[in-house]
Amino acid sequence: MDNTNSNTQNATFILKRVKDLVNVKRDFHLARLLNIAPTTLSNWKKRNSIDYKLLIEFCVAQGFDLDYVLAGIEKDKVNTQMENLAGYLIDKVRNEFKSDFQEIRTAQKQLVENLDKLKTKEEIALAKQKLSKTIAHNN
């Protein structure tokens, strides 16, 4: 079992991320910043239960990214993952419909050629009309 996901929401890991963000090493200092007793912080870790309202209010006041604090999700990594997923899906669609795309390109090419021929036929029709008028005029 992958413990990465469970660790991201574990109280100890959440509090570690907050300590890193406020640049403190010891629980005592974090407790002071949160305006709680150090024993309260210790109990949160032991029980794997945090006063989320208090923690969220603190993090919002500090301007911390709650996705990072609560789940360990870093925005840059999410964007990279989304870009990778988008690229993968585009490649998958291209490969899946490769023959269809080729047929569309072939049909487009034929359409352009037919339009060129139509233009030529129109020019021929105009030339025939001019020729007919010239012959009628000369007779």
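Below, all heavy atoms of this structure are taken into account, side chains as well, without hydrogens, waters or symmetry copies.
- The neighbour count for Asn23 CG, taken as heavy atoms of other residues, nucleotides or ligands under 6.0 Å away, does not exceed 12.
- In summary, of the residues considered (Thr39, Leu34, Thr12), a side chain to side chain contact (heavy atoms under 4.5 Å, CB included) with Trp44 occurs for Leu34 alone.
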Stepwise side chain to side chain contact (heavy atoms under 4.5 Å, CB included) check, Lys109 with Thr106: CA-CA 5 Å; Lys109 187 176 179 181; Thr106 301; 5.7 Å; no
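- Going from atom CD of Glu57 over to atom CG of Asp51 covers 8.0 Å, rounded to the nearest 0.5 Å.
- Atom CG of residue Leu41 and atom NZ of residue Lys46 lie 11.0 Å apart, to the nearest 0.5 angstrom.
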Worked verdict on Leu21 versus Gln62 for side chain to side chain contact (heavy atoms under 4.5 Å, CB included): CA-CA 9 Å; Leu21 289 169; Gln62 298 297 317; over 6 Å; no
Test side chain to side chain contact (heavy atoms under 4.5 Å, CB included) applied to Ile14 and Tyr52, step by step: CA-CA 10 Å; Ile14 291 171; Tyr52 284 100; 3.7 Å; yes
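- Side-chain contact between Asn35 and Leu54: absent, with no pair of heavy atoms (C-beta onward) separated by less than 4.5 Å.
- No path of Ile, Leu, Val, Met, Phe, Trp and Tyr side chains, each step under 4.5 Å between heavy atoms, connects Phe28 with Ile50, placing them in separate hydrophobic clusters.
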Audit row: Val22, Phe58, side chain to side chain contact (heavy atoms under 4.5 Å, CB included) steps and yes/no: CA-CA 11 Å; Val22 293; Phe58 174 79; 3.9 Å; yes
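- Scanning both residues, Cys59 and Leu66, for their nearest heavy atoms gives CB-CD2, 3.6 Å.
- Contact record, Asp65 with Ile73: OD2-O, 4.1 Å, taken as the closest heavy-atom pair.
- The two atoms that bring Asp27 and Lys45 nearest to each other are OD2-NZ, 2.6 Å, heavy atoms only.
- Glu103 CD to Gln108 CD: the interatomic distance, rounded to the nearest 0.5 Å, is 12.0 Å.
- Under the 4.5 Å side-chain criterion, counting only non-hydrogen atoms from C-beta, Lys19 is not in contact with Leu15.
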